[in-house]
Amino acid sequence: MPDNAELVAFRAEVRDFLAAELPADLRRKVIEHRRLEKQDFLRWQRILLARGWAAPNWPVASGGAGWSPAQRQIFDEEAAIAGAPETPPFGLRMVGPVLLEYGTPQQRERYLRRILTGEDWWCQGYSEPGSGSDLASLKLRADRDGDHFVLNGQKTWTTYAQYADMMFCLARTDSGGKPQEGISFLLVDMSAPGITVRPIRTIDGDTEINDVFFDDVRVPVENLVGELGGGWTCAKYLLAQERFGAARVGRAKRELAFLQRIAAQRVTDGAPLSADPVFAAKLARLEIDSLALQETNLRLTERVLADGGLGTEASVLRLLGADLAQRITEHQVEVAGVHGIPFPDGAFSPDGAGVGPAWAEPLAGFHLNLRKISIYGGTNEIQRNIIAKTLLDQREGRWQHVDLQDEQRALADAVGSYLDREYPPPPRTTLEPAHWKSFAEMGLLGLTATENSGADASTTAVVLAELGSRLVDEPYVSTAVLGARLLAGGLPGQRARDEILPEVVAGERVVALAHGEAQTDHNPRSVETRAVRTGDGWSLTGQKIVVIDGGRADHFIVSARTSGEVAAETGISLFLVDRDQTGLDVRDYPTIDGRRGSDLRFTGLHLPETALIGAPDHAFPVLDEALDAATAALCAEAVGIMTAVLDVTTQHIRDRRQFGSRLADFQVIRHRWVDMLLAVEQARSLAWLAARHVDDADPTVRARMVSAAKVGCAEAGRLLGQQSIQLHGAIGMTDELALGHYVKRLYAIERTFGGARHHLTRFAENS
């Protein structure tokens, strides 16, 4: 969903409106998790109505805002962040759209205006004892008696029925045929004789849900919406309306901000809890997941806008949003600690009960209340079933092109077609140098080498996803991304820029960065290798370990300290070193992913002045930026690999039969597959987010986005690897299957340029 000028202006308009019109006492109630009453909801609804914003998904002609899905997403997000109450959905977002689509002119005339003004408060009569997620099994009878239906039975879990003037409900009008075919959609006056509402007290102490009993309740036939027996059609349409905005991104941001505030306030052992390294890592992980949810929501919303549907996207977003919301509340009560135990009367009142910190009083109840979000509207298990039924049983081909722009898709198709035609599939035993030359001829080796290439990091990400999905073993990231960026930083007269870079772009040279040292896994600042000026150049002493793709490199780009302390940013310089240079000892070895790594030892190696890359002592910013670009590229490669892993696992569980059935028919297998799919979607979002920020002018923003992507892709890759082997069974442990080679590459990527621990710490430090 591009944040174009119109949407930017609309977001600003929404923020201005909220700042001016949202009452402070309502905002405080929402932010502090105090309980909202009916009058609170109605008050906010009438403020929105005065602006024409009460019904975002209604057409203007019917009194609605007439917003696009993108505008609705923006409003919901900004309103939640600001602390606005969520208007109850039953009238405005559920029955209202159903009446607009299926209602008679008389029904629309009678009810729509009263829904807008709040004169009619609605509740939803769907669930029954024994008919929750299995809604088609409902038993509430609606028998025709002249010009009325007579209702007998029960509805349960009916939210806000104690306030309701009207109910829309599903009732059984025919017991023959398929269960769904005998269900009708009815509008019921809650003041009708024979209706009894009994509150149900929930574990948070509230009574917002109710049992509703029907004893010979008479409902006029004109209150039937749609066709007799057509209630299932209305229900499915309503469900699509209900699931829009399922990610609840704004709520996640608001609650995460609240968590960060109370963690900074809560002092334990003489220091704020936010300063505790263990808890700081938890906060950083939640913030990364919030970024992933936001980006996934944008991607899938754009997909909906393009396709005009709201299929499995809503279920994906519902699962991700519910999981994140519940984990945030778990950490909120962790901050409360012992103060989360008291639960006095008045904990949810506007001024609290005066027991412990005011912010802590309602947290236990709020935390318990949010357990419901993975249950109502179809449990998480039902959402997984929906996704598996639609995607596992129908899915064909790779998915990584689905969110690309036209030019990006054309590039991906070109690269993918070449690889499918010419590149041997894994596992492979030999590599042909001709492939590297072909990459050069396709212009792939010069994407990041020159400013006038017209490419950006997102273009590079598209290429890497294709290379990853075919498990291409060429040293692309080492040479064409990291190496090319560093060589391009050379100055006129230096060999790196004038001689080696053109040869790299032409596919004639391979370079590798030699930066890691024994005392650190990955820290761009930590350099002990020394370069000392001599009369006509430099003398290099020290050693480097695990030089990625060093076994194929013609030249090494070596970081060395030319001044200052070991961990200082200043005083680092870069040098170009030939493999066959006197004074360099190279030990090559295979790496876990089948590539060739190297350890280097320099014993007084003499370098001419032209071997310097860029200015002396000031290489850190260039090195840090290039490493971020390479890390983002690896994340894109990992996404391509994970997509391929999901594809081969999908095919295997479809084909493999056990106990007389396909593996794909076992629910536990289907749910594991959905968890793999969710992990890939989150990783894809973070990888594309990082690619967009690789060239960000603000190095802090760049560092945060790249580290977020590395953490997310590392953890997703680990899950994909473990689950795919498990689902393949014993054959997944064999080297003859491509799967194991994908998994080993994911293992190596997770540990290249800093693992999850390093990048989680880096993300937190830049927050």
Side-chain angles (χ1 to χ4, degrees), residues 38-39 41-69 71-72 87-126 140 142 144-151 155 158-161 163-171 173 183-195 212 214 217-242 244:
K38 179 178 180 179
Q39 61 268 23
F41 293 114
L42 289 176
R43 182 181 169 197
W44 179 237
Q45 182 173 329
R46 285 162 185 162
I47 292 172
L48 293 173
L49 180 62
R51 184 64 175 256
W53 290 0
N57 55 335
W58 293 20
V60 174
S62 299
W67 286 341
S68 68
Q71 289 174 303
R72 290 162 57 191
T87 53
F90 308 114
L92 293 166
R93 300 199 182 201
M94 297 171 77
V95 72
V98 169
L99 291 176
L100 286 165
E101 184 71 16
Y102 298 105
T104 65
Q106 294 79 13
Q107 289 169 344
R108 291 194 287 267
E109 176 68 24
R110 180 175 180 180
Y111 294 114
L112 290 182
R113 183 62 190 172
R114 295 175 65 86
I115 291 172
L116 280 174
T117 62
E119 294 173 73
D120 283 342
W121 182 285
W122 287 77
C123 63
Q124 178 186 35
Y126 273 22
L140 175 69
R144 182 72 178 265
D145 181 18
D147 57 359
H148 284 78
F149 292 103
V150 180
L151 274 60
K155 294 294 182 181
T158 312
T159 304
Y160 296 141
Y163 299 144
D165 305 294
M166 295 292 299
M167 170 191 283
F168 60 90
C169 77
L170 295 178
T173 50
I183 294 173
S184 297
F185 194 100
L186 299 175
L187 309 179
V188 181
D189 186 338
M190 290 294 286
S191 65
I195 292 180
V212 182
F214 300 83
V217 176
R218 298 184 69 82
V219 176
V221 169
E222 59 261 28
N223 283 18
L224 171 69
V225 179
E227 300 289 336
L228 183 68
W232 201 251
T233 300
C234 296
K236 289 191 294 183
Y237 181 81
L238 184 148
L239 188 61
Q241 303 297 318
E242 181 184 7
F244 184 87

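In this chain, residues are counted from 1 in sequence order.
Residues Asn223 and Leu186 fail the side-chain proximity criterion, which asks for heavy atoms closer than 4.5 Å. In this structure, the side chains of Leu224 and Thr173 stay at 4.5 Å or more apart for every pair of heavy atoms. Here the side chains of Gln124 and Thr158 are not in contact, with every heavy-atom distance at 4.5 Å or above. Here the side chains of Leu99 and Thr104 are not in contact, with every heavy-atom distance at 4.5 Å or above. Using a 4.5 Å heavy-atom cutoff, the side chains of Arg46 and Leu42 are in contact.
Smallest separation of non-hydrogen atoms from Lys155 and Cys169: CE-CB, 4.4 Å. Residues Ser184 and Gly229 come closest through the heavy atom pair OG-N, 2.8 Å. Here the shortest heavy-atom pairing between Ile195 and Val212 reads CG2-CG1, 3.9 Å. Pro56 and Arg72 make their closest contact through CB-CG, 3.9 Å (heavy atoms, listed as atom of the first residue, atom of the second, distance). The two residues Val221 and Gly146 have their closest heavy-atom pair at CG2-O, 4.0 Å. Taking each heavy atom of Ala192 and Val217 in turn, the nearest pair found is CB-CG1, 4.0 Å.
By the side chain to side chain contact (heavy atoms under 4.5 Å, CB included) test, Arg43 pairs with Pro23, Asp25, Leu26, sequence neighbours left out. Residues that satisfy the side-chain hydrogen bond (donor to acceptor under 3.5 Å, both in side chains) test with Thr117, not counting sequence neighbours, are Glu119. With sequence neighbours left out, the side-chain hydrogen bond (donor to acceptor under 3.5 Å, both in side chains) criterion links Asp145 to Arg218.
Exactly one of Glu109, Arg110, Arg108, Arg114 qualifies for a side-chain contact (heavy atoms from CB on, under 4.5 Å) with Leu112. That residue is Arg108.
Aromatic ring centres of Phe41 and Tyr163 lie farther apart than the 6.0 Å criterion allows.
Atom CG in Leu187 sits 10.0 Å away from atom CD in Glu222 (nearest 0.5 Å). Between Leu49 atom CG and Ile115 atom CD1 the span is 12.5 Å, to the nearest 0.5 Å.
More than 12 heavy atoms of other residues, nucleotides or ligands sit less than 6.0 Å from atom CD of Glu101.
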**Asked** Between Phe149 and Leu228, does a side chain to side chain contact (heavy atoms under 4.5 Å, CB included) hold up when you go through it step by step?
**Response** CA-CA 11 Å; Phe149 292 103; Leu228 183 68; 3.9 Å; yes
**Request:** Walk me through it: do Phe90 and Leu238 pass the test side chain to side chain contact (heavy atoms under 4.5 Å, CB included)?
**Result:** CA-CA 10 Å; Phe90 308 114; Leu238 184 148; over 6 Å; no
**Asked** What's the verdict on side chain to side chain contact (heavy atoms under 4.5 Å, CB included) for Val219 and His148, showing C-alpha distance, side-chain angles and the deciding distance?
**Response** CA-CA 5 Å; Val219 176; His148 284 78; 5.8 Å; no
**Verdict with reasoning, Trp122 to Met94, per side chain to side chain contact (heavy atoms under 4.5 Å, CB included)** = CA-CA 10 Å; Trp122 287 77; Met94 297 171 77; over 6 Å; no
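Ring orientation note: the planes of Tyr237 and Tyr102 are nearly perpendicular, at an angle over 60° on the 30°/60° scale. The aromatic rings of Phe185 and Phe168 lie parallel to each other, their planes meeting at an angle below 30°, with 60° marking the opposite boundary.
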